[in-house]
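Down below is the structure, laid out as structure tokens.
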Number of protein chains: 2
Amino acid sequence: MSFTYRYARPALTVDAVVFGLDDEDLKVLLVERAGEPFRGTWALPGGFVNVGEDLEVAARRELAEETGLRLADAYLEQLYTFGAPGRDPREHVVSCAWYALVNIRDHEVRAATDAADARWWRVQALPDLAFDHAHILEVAGERLRGKVRYRPIGFALLPERFTLSQLQHLYETLLGRGVDKRNFRKKMLALGFVVDTGETETDVPRRPARLYRFDEARYRQLEREGFEMWV
Amino acid sequence: MSFTYRYARPALTVDAVVFGLDDEDLKVLLVERAGEPFRGTWALPGGFVNVGEDLEVAARRELAEETGLRLADAYLEQLYTFGAPGRDPREHVVSCAWYALVNIRDHEVRAATDAADARWWRVQALPDLAFDHAHILEVAGERLRGKVRYRPIGFALLPERFTLSQLQHLYETLLGRGVDKRNFRKKMLALGFVVDTGETETDVPRRPARLYRFDEARYRQLEREGFEMWV
DNA sequence: TCAAAAGTGTTCCGCTTACACCCATGC
DNA sequence: GCATGGGTGTAAGCGGAACACTTTTGA
């Protein structure tokens, strides 16, 4: 079966930049390509958009197909559309890139269709990447670093219940600089949407910390009231 | 001539949301469609991307072709890519939307290929629009209102030399609220990249105002130094 | 009792805000 | 001389930044 059009068309793909955080670093999910071009090279998960398929749906589908990762509560947002001719050696391929923030421990990854392998890589120590994916990742990193300062998106990188130290570690990792513990705690709690669950950590070899959660409904309420955060 | 592919492909277009400002209002450039679908309906200028053509180049080309407007110093930025199936009644068409800020008085618009007419419309009083263009325009407006507060993009809406009153009018129009004259002037001049040209207005029936300009090189310098603006 | 991280207040400074009158020009 | 917008300073309050020690727990 084949399809014929009156005018030539660029091909359309989606790519996904999935960020995760562990105790050490910011990580990104990559797949090792099983097919040409760039066979054996690491790349962002992604693939062709089907006719009649929404772009976000396509991004989620490709991600699930290639890495087994299903985004549920994760944060997913369109990043940018990359369409420079020559970014794909085969032909003109335009890619709509998305980025997601997930809690690494909630998700098991496994390679599947079109991917020889799939695993998390430290953002600070990436392999060579296929296509213009190094560039896409750079743009995604800038967006993440910029947006986390004025939108509460970072919570998607943490477990549902987290300590303020974990949250502080998140901001320090993303912003690339240390922040003052007392001021950080004061500010976060003053925002009003980081709420104490009343619970504490268990099984830690030290004084257990209080567990907090992100109250999304409260955040939306404050947002409607014209409130603004700035970290 | 025709083109055959192994798999069906969505079509790919670009659309441009061009904002301009006059003494009264924020305006947007629309074209009246000369062809089907939506013949006779007003729409954003735009059209199909050629194979091998960069997306930004395509956006500029369609804009020039349909409205005669050539963006030179104007601000142009990718907005978002809209790909919901059904947004075009003919078939699945994915559109990469861009937005631009121009100084209305620098540009003459005239309808050309595919456009029966082309003119500026008040953003507050738009006609019914073709496709999902009302939605695209709404997204563009949100982006503009958000971004103008932390990036000096508004200057593209003004002549090269402008008075502080014009600049204040710009911010009041975009933000939708009045601002204090003395505080506004203090802040703008304190930023360091709005500089006095030493000239004044001519031919005004009142005391002439000083003319300022946006010093982009200075802005870039400050940006590198980690400076941040917030209006 | 030691190691490790949790938790907690105050002071100072700079920026934002609120606010009203005189000035220069053209008609 | 009048109408129109141009141009200017100060005081008060608030939020951000700097800063160090005590507490709790498990080993």
Side-chain angles (χ1 to χ4, degrees), chain A residues 21-24 148-150 152 158-159 161-173 175-213 222 225-231, chain B residues 21-24 148-150 152 158-159 161-173 175-213 222 225-231:
Chain A
L21 188 73
D22 63 15
D23 294 338
E24 297 304 315
V148 77
R149 297 187 56 195
Y150 63 96
L158 295 179
R161 284 142 205 271
F162 51 84
T163 68
L164 290 183
S165 291
Q166 286 178 296
L167 187 59
Q168 181 174 347
H169 171 71
L170 184 160
Y171 277 96
E172 289 179 332
T173 303
L175 301 179
R177 58 183 164 84
V179 304
D180 179 85
K181 182 161 71 160
R182 276 173 292 190
N183 291 337
F184 179 82
R185 286 166 176 248
K186 250 182 299 179
K187 186 184 286 189
M188 279 298 151
L189 296 178
L191 290 172
F193 50 74
V194 177
V195 300
D196 193 336
T197 62
E199 299 166 62
T200 53
E201 286 180 303
T202 51
D203 298 323
V204 289
R206 55 162 189 270
R207 174 176 176 180
R210 297 169 102 86
L211 292 170
Y212 294 80
R213 67 183 172 80
L222 290 164
E225 292 167 6
F227 141 99
E228 281 170 12
M229 80 181 273
W230 194 255
V231 180
Chain B
L21 188 73
D22 63 17
D23 293 340
E24 298 303 316
V148 77
R149 296 187 57 194
Y150 62 95
L158 295 179
R161 283 141 206 273
F162 51 85
T163 69
L164 290 183
S165 291
Q166 286 178 295
L167 187 60
Q168 181 175 346
H169 171 71
L170 182 160
Y171 276 96
E172 288 179 333
T173 303
L175 301 180
R177 56 183 165 84
V179 304
D180 179 85
K181 183 161 69 158
R182 277 174 292 193
N183 292 336
F184 180 80
R185 287 167 176 248
K186 249 181 301 177
K187 186 185 287 193
M188 278 298 151
L189 297 178
L191 290 173
F193 52 73
V194 177
V195 300
D196 193 338
T197 63
E199 298 166 60
T200 53
E201 285 181 304
T202 52
D203 299 322
V204 288
R206 57 165 186 272
R207 172 175 177 182
R210 298 168 101 86
L211 292 170
Y212 294 80
R213 68 185 171 78
L222 290 164
E225 292 168 6
F227 141 100
E228 280 170 15
M229 80 181 275
W230 194 255
V231 179

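To find a chain, count down the sequence lines: A is the first, B the second, and so on, and within it residues start at 1.
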- If each end axis of the helix from dT1(C)-dA27(D) to dC27(C)-dG1(D) is fitted on five C1' pair positions, the angle between them, to 10 degrees, is 0°
- Item | Length of the CZ-P vector between R210(A) and dT23(D), whole Å | 16 Å
- Item | L167(A) CG to dA6(C) P, straight-line distance once rounded to whole Å | 13 Å
- Can you find a donor-acceptor pair, distance only, under 3.5 Å between K186(A) side chain and dT10(C) base? yes
- Residue pair V148(A) / V231(A), side-chain heavy-atom distance below 4.5 Å: no
- Message: I need the NZ-P distance between K187(B) and dG14(C), as an integer number of Å.
- Response: 18 Å
- Task: Figure out the CD/C1' separation between Q168(B) and dG7(D), and round it to whole Å.
- Result: 12 Å
- Item | Rounded distance in Å - CZ (R185(A)) to C1' (dA6(C)) | 6 Å
- Item | Near-strand residues of residues 188-200 of chain A, defined as heavy-atom separation under 4.0 angstrom from DNA chain C | none
- Query: Partners of E225(A) by salt bridge (Lys or Arg N to Asp or Glu O under 4.0 Å), sequence neighbours excluded?
  - Reply: none
- Give the C-alpha distance, both sets of side-chain angles, the deciding distance and a yes or no for side-chain contact (heavy atoms from CB on, under 4.5 Å) between F227(A) and F193(A). CA-CA 12 Å; F227(A) 141 99; F193(A) 50 74; 3.5 Å; yes
- Message: Treating primed atoms plus P, OP1 and OP2 as sugar-phosphate and everything else as base, which nucleotides of nucleotides 22-27 of chain C get B, S or - for protein heavy atoms under 4.0 Å?
- Response: -BBBS-
- Message: Just to verify, what does R182(A) make a side-chain contact (heavy atoms from CB on, under 4.5 Å) with, not counting sequence neighbours?
- Response: D180(A)
- State, to 0.1 Å, how close M229(A) and L191(A) come at their nearest heavy-atom pair, and which atoms those are. CB-CD2, 3.9 Å
- Taking side chain as C-beta onward, heavy atoms only, is P159(B) less than 4.5 Å from R213(B)? no
- Residue pair K181(A)/A209(B) against DNA chain D: nearer the 5' end by closest nucleotide is A209(B)
Less than 3.5 Å apart, which donor and acceptor atoms pair up between the side chains of residues 202-212 of chain B and the rest of the protein, not counting sequence neighbours?
{"from": "R206(B)", "atom 1": "NH2", "to": "E201(B)", "atom 2": "OE2", "distance (Å)": "3.2"}
{"from": "R210(B)", "atom 1": "NE", "to": "D196(B)", "atom 2": "OD2", "distance (Å)": "2.8"}
{"from": "R210(B)", "atom 1": "NH2", "to": "D196(B)", "atom 2": "OD2", "distance (Å)": "3.1"}

